[in-house]
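Please read the structure below before turning to the comments.
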Amino acid sequence: MSLACRSDAGTRVDDAAVSIAELTRNAVHVLPHGGLEEKLRLGRPLRVKLGIDVTAPDVTLGNGIPLQRMAAFQREGHLGVLIVGDYTSRIGDPSGRSRERPMIDPAEIDRNAQRYFEHACTIIDADRTEVRFNSEWLSELGFAEILRLTRATTVAQLLEREDFAKRFASNAPISVSELLYPLMQAYDSVAVRADVELGGTDQLFNLLTGREVMAAYGLEPQVALTVVYLDSWDGTGMSASRGNYIGLQEPPDEQFGKTMRIPDGLLEQWYRLVMERDGVPEGEAMEAKLALARFVVARAHGEDAARRAEEHFTRVVREGRAPENVPEAELSSADPVHLPALLAEQFGVSTSEARRLITQGAVKLDGEPILDFDVPRSRLEGALVQAGKRRFVRIVTA
RNA sequence: GCAGGGGUUCCCGAGUGGCCAAAGGGGGCGGGCUGUAAACCCGCUGGCUCAGCCUUCAGAGGUUCGAAUCCUCUCCCCUGCACCA
């Protein structure tokens, strides 16, 4: 595996006025107390670990929150270590109900890891990041070694994890392999000699188990640093599996539009977590949200893209006009043209749905609603076809 | 292994022989209002050149004029009990 970005270069560590506050910004737990200060006093680049999920289709803005912490460490000269749980995901979660779920094949994991890394690099510093696959060490473990690992903790301790505790209390099943999960993750910390491990608040238990296990292996335990979760426009945590996410590398217009969709009540949280600003500027919520959207796009795609995305948003969404660059499509030779088929092809909907859109008056030809399924070719040539507010296509003659 | 409870359309969840492409809610889409916010209102939400036809209620058979609903077998999930290292 050749992930391009490994470098131990630049070991500048300012031990003095390093801002702990900056490193622990938006942190919920930093354990143990004083642990981070102690690590920093070592005067060498710290190894800051973060486990990443390569089964998900995209890297989200929510994933970006811990990545931003990693970036903060990197700015101080420390090293980020991204752990790809390829081995862990190969084991799979046996409690899942989808029996069919095929093991993700290694090639796909590689692709996803590469993509994750590229996306993450909009936030973190590629030159100070190491990407490791945990199969590298986990696949080497023999049974005796695994038993040694399990001796680092006890069932009672593992059962303290909240979801385990709940399930245990309610007699819901807990598989042994699930119980082993935290241990595998902990072993990763041993393998990469982590000084700090980052994670969402739900990871606290796993991060602390990492400390236990490291100690059992005679290593200085890592510092556990958890950060707040980012809520999405539906008020629940942003997650790739729920589909309520903004991808770090989504097209600018998408990122902009989705950001504008968040409820005003989330502005304060997003300013704090995403922009790392302490307060929302005075004035219209709308203005604050526009600034936020610009920030999100600019970080991923640059200032120019952010400006264009805002222009696009203003033009298409606020003013209801057609965008500047409308994709073009050619007509097949039929006459009259069957509109549902055209819409289905151009906008990726079923013809049944296309029919519904037409029936509901959502489809417009040059701004005029059209209610017919079949339209004369002549009427379409050169016309701007619109479905709803956001889907446009220009018909061109070949 | 034994006993019981389950598997319904994107999700939750009703439905126990015809009125079922399947209640209700969520989500999504379209529209109104607007700031692609919130709140509220209306419509749509399996597929198909669509007043009709086709494919869905874990899977395979069967009963019936007719099955998501009844029977048989299979698969899977859950709960309890047992067994074993």
Side-chain angles (χ1 to χ4, degrees), chain A residues 93-101 143 167-176 231-246 250-271 280-281 283-294 296-297 309-321 323 331-345 347-364 367-377 385-392:
Chain A
D93 179 353
S95 75
R97 40 223 65 186
S98 55
R99 202 97 309 257
E100 315 290 292
R101 173 167 41 185
F143 207 81
R167 284 200 273 163
F168 189 71
S170 63
N171 287 323
I174 302 170
S175 72
V176 173
D231 285 325
S232 188
W233 50 80
D234 59 0
T236 70
M238 181 177 289
S239 99
S241 58
R242 249 198 301 267
N244 61 355
Y245 68 93
I246 297 174
E250 266 187 287
D253 292 344
E254 290 295 313
Q255 293 185 327
F256 201 97
K258 285 180 176 180
T259 303
M260 293 306 291
R261 275 179 70 179
I262 67 166
D264 291 356
L266 246 35
L267 267 178
E268 198 272 329
Q269 186 195 40
W270 281 50
Y271 262 74
V280 181
E284 292 292 314
M286 181 71 185
E287 289 306 317
K289 211 179 285 182
L290 285 168
L292 176 63
R294 279 194 299 269
V296 169
V297 177
E310 180 167 14
E311 282 164 14
H312 179 270
F313 177 82
T314 303
R315 181 185 176 100
V316 177
V317 179
R318 302 184 73 182
E319 297 173 1
R321 295 154 59 207
L331 245 29
S332 66
S333 55
D335 189 10
V337 176
H338 191 59
L339 201 50
L342 177 72
L343 297 173
E345 187 188 339
F347 301 134
V349 296
S350 69
T351 63
S352 296
E353 184 171 355
R355 280 168 170 273
R356 280 179 227 126
L357 289 171
I358 294 169
T359 307
Q360 295 190 109
V363 177
K364 292 177 185 168
E368 290 302 310
I370 174 121
L371 296 171
D372 303 318
F373 292 147
D374 294 288
V375 298
R377 216 187 144 74
V385 179
Q386 177 181 4
K389 287 176 183 164
R390 301 163 54 198
R391 287 172 286 201
F392 295 87

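Every chain is numbered from 1, with letters handed out A, B, ... down the list of sequences. These numbers come from a predicted model, not from an experiment.
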Shortest side-chain distance from A:L357, nucleotide among B:rA37, B:rG30, B:rC48: B:rG30

Distance-only side-chain donor-acceptor flag, A:T236 / A:N244, under 3.5 Å: yes

Residue met sooner reading RNA chain B from 5', once A:E284 and A:A387 are mapped to nucleotides: A:A387

Selection from B:rG30, B:rG35, B:rC48 that lies nearest to any side-chain heavy atom of A:R391: B:rG30

Selection from B:rA37, B:rU49, B:rG30 that lies nearest to any side-chain heavy atom of A:Q360: B:rG30

B:rU69 to B:rG30 separation - P atoms, rounded to the nearest Å: 36 Å

Per A:R318 side chain, nearest of listed nucleotides B:rG47, B:rA37, B:rU36: B:rU36

5'-most by nearest nucleotide on RNA chain B - A:A344 or A:L267: A:L267

Among B:rC50, B:rG35, B:rA38, the nucleotide that comes nearest once only the side chain of A:D264 is considered: B:rG35

Side chain of A:R355 (C-beta onward), nearest among B:rU36, B:rA37, B:rU49: B:rU49

From B:rG47, B:rG30, B:rA37, nucleotide with atom closest to A:K289 side chain: B:rA37

Length of the line joining A:N244:CG and B:rG26:C1', which is rounded to integer Å: 14 Å

A:M286, nearest nucleotide to its side chain (from B:rA37, B:rU36, B:rC50): B:rU36

A:K389 side chain, from C-beta outward: closest of B:rU34, B:rU36, B:rG47: B:rU34

